[in-house]
Structures are given as structure tokens and as C-alpha cells.
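As C-alpha cells, the structure follows; a few thoughts come after it.
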Amino acid sequence: MPFFGPASRFSEFKDDFLKDTGKQAADDMQLYAQYVAARFADMNHRLLNNMSNEIQELQKLLKKV
């Protein structure tokens, strides 16, 4: 198990894509590829943002020691 990071939700993307766009992934692969790329970019942004916040909190803690 990784120390940090989201669980893989790749298989859920097809269901989310259908719910969000009303299209099957196979019907519009170009749009689906953009959708998946955007979802991964969003997950990466959230992960990096959380890590940055945790590092800042750790710096504050270490200054007190």
C-alpha cells in the first residue's frame, strides 16, 4: 500500500463520464481521453496541495521544537 495517494478509480471514470456527459466512452473517445486527463490532473493537484499543506504544518511544528 502506498504511503500517500488516491486509490485507483480508473474503472469508475466510465460510469462518471456517462453520468456527466450522457455519452458512452466508446462513442466519443477523444472527449473521454480529455475527461480522464482532466480527472487525473485534478487528483494530482489535490494530492500536491494536501502534501504542501502538510509540509507547512510540519515546518511550524519543527520550529517549535
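All values reported here derive from a predicted model rather than from experimental measurement.
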Ionic contact status for D42 with R46, cut-off 4.0 Å: yes
Cluster overlap M51 with L62, hydrophobic side-chain contacts below 4.5 Å: no
In Å, rounded to the nearest 0.5 Å, how long is the span from CG of N49 to CG of N44? 12.0 Å
In Å and rounded to the nearest 0.5 Å, what is the CG to CG distance from L48 to N53? 11.0 Å
Hphob cluster co-occupancy, M29 + V36, side-chain heavy atoms under 4.5 angstrom: yes
Listed by chain and number, what are the side chain to side chain donor-acceptor pair (under 3.5 Å) partners of R39, not counting sequence neighbours? D16, Y35
For the pair T21 (side chain) and F17 (backbone), establish whether a donor and an acceptor sit closer than 3.5 Å, ignoring hydrogens and angles. yes
Any idea which heavy atoms bring Y32 and K14 closest together, and the distance? OH-CG, 3.2 Å
Rounded to the nearest 0.5 angstrom, the CD-CG distance for Q34 and D28 is 8.0 Å
Check the pair L58 / Q56 against side-chain contact (heavy atoms from CB on, under 4.5 Å), numbers first and verdict last. CA-CA 5 Å; L58 182 59; Q56 288 175 358; over 6 Å; no
In the structure I gave you, are the side-chain heavy atoms of K23 and L18 within less than 4.5 Å of one another anywhere? no
